[in-house]
Amino acid sequence: MSVIAETTSCAEVDASVSTREPVAALLPVVGGDTTVPLVDGTQRVYANLDYAASAPALASVAARVTEVLPLYASVHRGAGYLSQVSTALYESSRQSIARFVDARPDDVAIITRNTTDSLNLLAGVVPAGGKVLVLDVEHHANLLPWVQSSQRHGNTTTILPIGRTVADTLDALRAELATQPYALLTITGASNVTGEALPIDEVVALAHAEGTRVAVDGAQLVPHRGFSLARTGADYVAFSGHKTYAPFGAGALVGRRDWLDTGTPYLAGGGAVRDVRADRTVWQPAPARHEAGSPNVIGAIALAEACDRLAALPAGALLAHEEALRARLVDGLSTIAGVEIARIWSDSADPVGVLTFTVPGHDPGLVAAYLSAEHGIGVRDGRFCAHPLLAHLGSSGGAIRASVGVGTTSEAVDRLVDALRRYLADGPAARYDVVDACWTVVDDTRPLVQVHGLDALAATAAAACGPALDD
C-alpha cells in the first residue's frame, strides 16, 4: 500500500479544498435527494459514494422505462402489434449500445445480464485449446471465468503478476506474449479498486503484434470514461447496465463476430436455434445464438437510454466532473494523518472516479458502518471481489472504497473527508459490534423502512454484509 505524499500543511490543503468551486451533479439521478436516518435521530440526504458497485438510475432512464412499459410484449416472431413494437425497441437498443462503445460495422452486440455474464460467455467461445493471458490485478469477473474455462474447455490460462509500474507491467506483458501463442489477453479497462488502468491502446498494439486478441473488462471504464472499440482496436468489451446508470439487470458484450458466430451457445433454448430435430440442432449465428429464452427487453431499453444520455454530454464534461471530484477527495484525504490511499502503479495516469484507502489500526467495516450511521455516507468496504490485488496492495484484511459518478456533488466528498477527520479525532459516538460478520450499531433505534410490508432494512442487513471480506 502506498501513500499519496503530503506536499503542503494540513491547514494549507484545508484552505485549498474549502475554497474550491463547488461541483454540482452532472446529470439528475433517481433518489439523489433521498434522506436517511442517523443514529442521533436526525435525517440527512444520503451521500452515495458507492457508484462503483451499482450506480443509481438516471432520471431519464426512469422516464424512458415508464414510457415503454405499456408497449412491452413478447419479442421476435410475435405477429401482434405490440410484439413488433417491442422487437423494434429491443433491436434499436442493441444498436445504441453498440454505438456507445464505437463498435465497428462487423462487430456484434450481445445483450447479457452484466459484465460477469459477458465474460463468462466470451470464455466459452474462445477456440478449443486457445491460451488465455490475464493479470492478477483483475476483478474476479475477469479472472474466474478464465480459470473455469481451463477446466471446462481445455483452454490454458496464465495469470501474470503485475509490475511495480505501468512500464514494468507492459514489459512483462510483452515478454510473456512472446513466449507462446495466446488466443486472448483480457484486461481491466479501469481497476474497480483504485480506478487506475494500463494504456489500452498500447496493450492492444503489443498483443496484436503477437497475433493475440484483446478483451476489455469495461465495467468501470465505460460509465466513467466511455470507450471506443474502433479507436483502441480492442477486439471485445464487456460492461454492465447497473454500473452505467441503468437498472433491470442488462449488460453487453460487444466485439468480433467470428468466435461468437461459431462458439458454443451460451444457453441452450428457444430463440437460439434455426431448426431442432431429435438427432440434430442447427444454431443461429450471434447475437441470437447466445440469447436463448425471452430477453430482458426493459433492461436493454434502460441501458440504451443511459448510453444515449451519456453520449449526449458535451465533450469532456464527464472527464472534467470526475477529475474535479477525485482531486478534491485525494487532496482532502491527504490532509488526514492516519489515512492511506492505495495505488497500484506509481506512474499510472488519468484514474477514473474510484479510490480506495485504509485507516491502519481500524477495521474497514467499522469505519464504513460509522460513516453510514453517523453521517449518512455510503461507501464500500472489504476486498471488492479483487482478492489477489488487495493482497498485492498489502490489504488482505480489507479496505474502504469511495467512488463517484454523474450524480455526485462536492458536498458528498467534503462530508466524507470531514467525517473521517472526526472519526480519528473523536471516535464513534455510537457503540458498534460485529453481528453475523457485519459491523452494526448496538441497540439501533432508527426507524426501519417499510416497502409494501417488507421490513427492508432488517430483511437485507445480513445479506448486505455477507461473508466477511468476500466483496
Side-chain angles (χ1 to χ4, degrees), residues 20-33 47-68 92-103 109 115 189-190 192 195 197 200-201 216 218-232 234 237-248 250-252 254 299-329 349-355 402-413:
R20 284 180 182 269
E21 288 294 320
V23 179
L26 187 59
L27 288 172
V29 297
V30 177
D33 58 354
N48 184 356
L49 292 174
D50 196 17
Y51 274 64
S54 280
L58 293 177
S60 64
V61 168
R64 178 63 168 160
V65 168
T66 299
E67 177 187 23
V68 300
S92 66
S93 295
R94 189 193 307 279
Q95 295 172 17
S96 289
I97 291 165
R99 186 166 56 247
F100 184 60
V101 292
D102 198 16
T115 306
N192 75 305
I200 294 177
D201 303 47
V216 176
Q220 300 300 334
L221 176 64
V222 169
H224 289 275
R225 288 286 188 274
F227 183 70
S228 171
L229 282 164
R231 182 185 60 77
T232 63
V237 63
F239 63 106
S240 296
H242 75 98
K243 298 184 192 297
T244 315
Y245 311 101
F248 300 103
V254 187
I301 294 170
L303 177 53
E305 171 63 26
C307 290
D308 288 344
R309 189 66 187 88
L310 290 173
L313 288 169
L318 185 59
L319 173 62
H321 181 256
E322 285 209 354
E323 283 187 336
L325 291 170
R326 183 182 171 101
R328 196 180 190 107
L329 181 56
D350 191 28
V352 303
V354 180
L355 183 146
S403 49
V404 302
V406 297
T408 310
T409 67
S410 54
E411 187 281 330
V413 170

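Computed from heavy atoms alone, side chains included, the values below leave out hydrogens, waters and symmetry copies.
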- Can you measure from SG (Cys307) to CD (Glu305) and round to the nearest 0.5 angstrom? 9.5 Å

- Task: Supply the atom-to-atom distance Thr115 OG1 to His242 NE2, rounded to the nearest 0.5 angstrom.
- Result: 6.0 Å

- Message: Using 0.5 Å steps for rounding, measure from the CZ atom of Arg309 to the CG atom of Leu27.
- Response: 4.5 Å

- Message: Using side-chain heavy atoms (C-beta onward) and a distance below 4.5 Å, is Leu303 in contact with Phe239?
- Response: yes

- Message: Applying side chain to side chain contact (heavy atoms under 4.5 Å, CB included) to Phe100 and Val254, what does each step give before you reach the verdict?
- Response: CA-CA 10 Å; Phe100 184 60; Val254 187; over 6 Å; no

- Query: Is a side-chain N or O of Lys243 found less than 3.5 angstrom from the main chain of Ala52, in a donor-acceptor match?
  - Reply: yes

- Task: Quick one: closest heavy-atom pair of Val406 and Tyr51, and the distance?
- Result: N-CE2, 4.0 Å

- Side-chain donor or acceptor of Gln220 paired with backbone N/O of Gly195 under 3.5 Å: no

- For Ala250 and Ala300, work out which heavy atoms get closest and say how close. CB-N, 3.8 Å

- Over all atoms of both residues, closest heavy-atom pair of Thr409 and Ala25: CG2-N, 3.6 Å

- Non-hydrogen atoms of Ala302 and Val65 that approach each other most closely: CB-CG2, 4.0 Å

- Item | Ser228 to Asp102 - nearest heavy-atom pair and separation | OG-OD2, 2.5 Å

- Pro56 and Val30 have their tightest heavy-atom pair at CB-O, 3.8 Å

- Message: Nearest 0.5 Å, please: how far is CD1 in Ile301 from CD1 in Ile97?
- Response: 10.0 Å

- Rounded distance (nearest 0.5 Å) linking atom OG1 of Thr232 with atom CD1 of Ile200: 6.5 Å

Donor-acceptor pairs under 3.5 angstrom involving side-chain atoms of residues 311-326: please list them, not counting sequence neighbours.
residue : atom : partner : partner atom : Å
His321  : NE2  : Ala24   : O            : 3.1
His321  : NE2  : Thr408  : O            : 3.1
Glu322  : OE1  : His224  : ND1          : 3.1
Glu322  : OE1  : Arg225  : NH1          : 3.3
Glu322  : OE1  : Gly353  : N            : 2.9
Glu322  : OE2  : His224  : ND1          : 2.3
Arg326  : NH1  : Thr194  : O            : 3.3
Arg326  : NH1  : Val352  : O            : 2.9
Arg326  : NH1  : Val354  : O            : 2.5

- How far does CG of Leu355 sit from OG of Ser403, to the nearest 0.5 angstrom? 9.5 Å

